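Since we're looking at a predicted model, the values are computed, not measured. So you know, we letter chains A, B, ... as the sequences are listed, proteins then strands, and number each from 1. FYI, side chains are in, hydrogens and waters are out, and symmetry mates aren't considered; it's all heavy atoms of this structure.
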Amino acid sequence: GQNIDQPTEMTATEGAIVQINCTYQTSGFNGLFWYQQHAGEAPTFLSYNVLDGLEEKGRFSSFLSRSKGYSYLLLKELQMKDSASYLCAVTPMEYGNKLVFGAGTILRVKS
Amino acid sequence: GAGVSQSPRYKVAKRGQDVALRCDPISGHVSLFWYQQALGQGPEFLTYFQNEAQLDKSGLPSDRFFAERPEGSVSTLKIQRTQQEDSAVYLCASSLWETSNQPQHFGDGTRLSIL
């Protein structure tokens with residue numbers, strides 16, 4: 001089976017840094033995606049990790065440790081518009097390239 | 001540029017009715033996916049097409065759910081004899097190729113409410 005865990009909710013202050021963790025236990029692993037989803041809107045692609053290490057993309061960075069089954073999304077210089085749900089998703093090898101999602105972490109940014 | 005387009009945006013149906021949800025993927029995208037998203041949850045995989053071939057339908061919850069992509073572009077998800085537990089947001093996504101490193105691009109979804 002597949003199990004992907006993320007915190008349900010987080011709150012952070014505008015201008016700060018926040019780290020959203022994701023742990024996974026899957027029978028296969030081919031890569032990990034992070035998506036952002038505003039309420040009532042489409043999930044939008046943020047990052048992809050397949051090798052261990054940090055991928056940086058502007059204010060957003062994502063880290064992967066395959067041996068630990070662990071990833072995090074780091075958001076810097078938080079803005080109010082970053083308030084959204086952040087979804088961690090794994091592509092298990094034996095299922096082709098479908099995405100298996102966690103339940104998402106709702107991030108609230110306060111001023 | 002044009003993204004993934006889904007219609008209708010909202011659909012209300014009475015229990016027992018049939019519904020059809022449409023997805024227009026990004027032009028040229030080979031892979032197309034359908035997901036179901038319940039409130040407060042992440043999307044759950046339903047089915048996957050590579051061009052017109054339905055390669056994986058393991059996530060379809062019952063034989064009341066049927067999907068097609070006859071010409072390898074537009075796809076339709078049909079739900080027969082709808083039940084209240086079918087109420088959810090149905091998301092369509094497409095990706096350029098079938099390889100696992102390709103990001104999927106999602107539509108805004110169809111919010112289905114079964115009364």
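Partner Asp82(A) forms a side chain to side chain donor-acceptor pair (under 3.5 Å) with one of Arg108(A), Lys76(A), Arg59(A) and no other, that one being Arg59(A).
Aromatic pair Phe45(B)/Phe101(A): ring centres not closer than 6.0 Å.
For Glu44(B), the CD atom is loosely surrounded, since the number of other residues' heavy atoms within 6.0 Å does not exceed 12.
Side chain of Ser5(B) to main chain of Asp24(B): no donor-acceptor pair is present (N/O by atom type, distance under 3.5 Å, no hydrogens or angles).
Neither the backbone nor the side chain of Trp34(B) has a heavy atom closer than 4.5 Å to any heavy atom of chain A. The part of Gln37(A) that comes within reach of chain B is its side chain, from C-beta onward, which places non-hydrogen atoms under 4.5 angstrom from that chain. For Gln6(B), no part sits under 4.5 Å from any heavy atom of chain A, backbone or side chain. If you measure heavy-atom distances from Leu99(A) to chain B, the contacts under 4.5 Å come from both the backbone and the side chain.
Side-chain atoms of Asp56(B) and Gln54(B) form no donor-acceptor pair, as typed in the model, at a separation below 3.5 Å.
The candidate with the highest count of non-hydrogen atom pairs below 4.5 Å against chain A, out of Gly107(B), Gly109(B), Ser31(B), Ser95(B), is Gly107(B).
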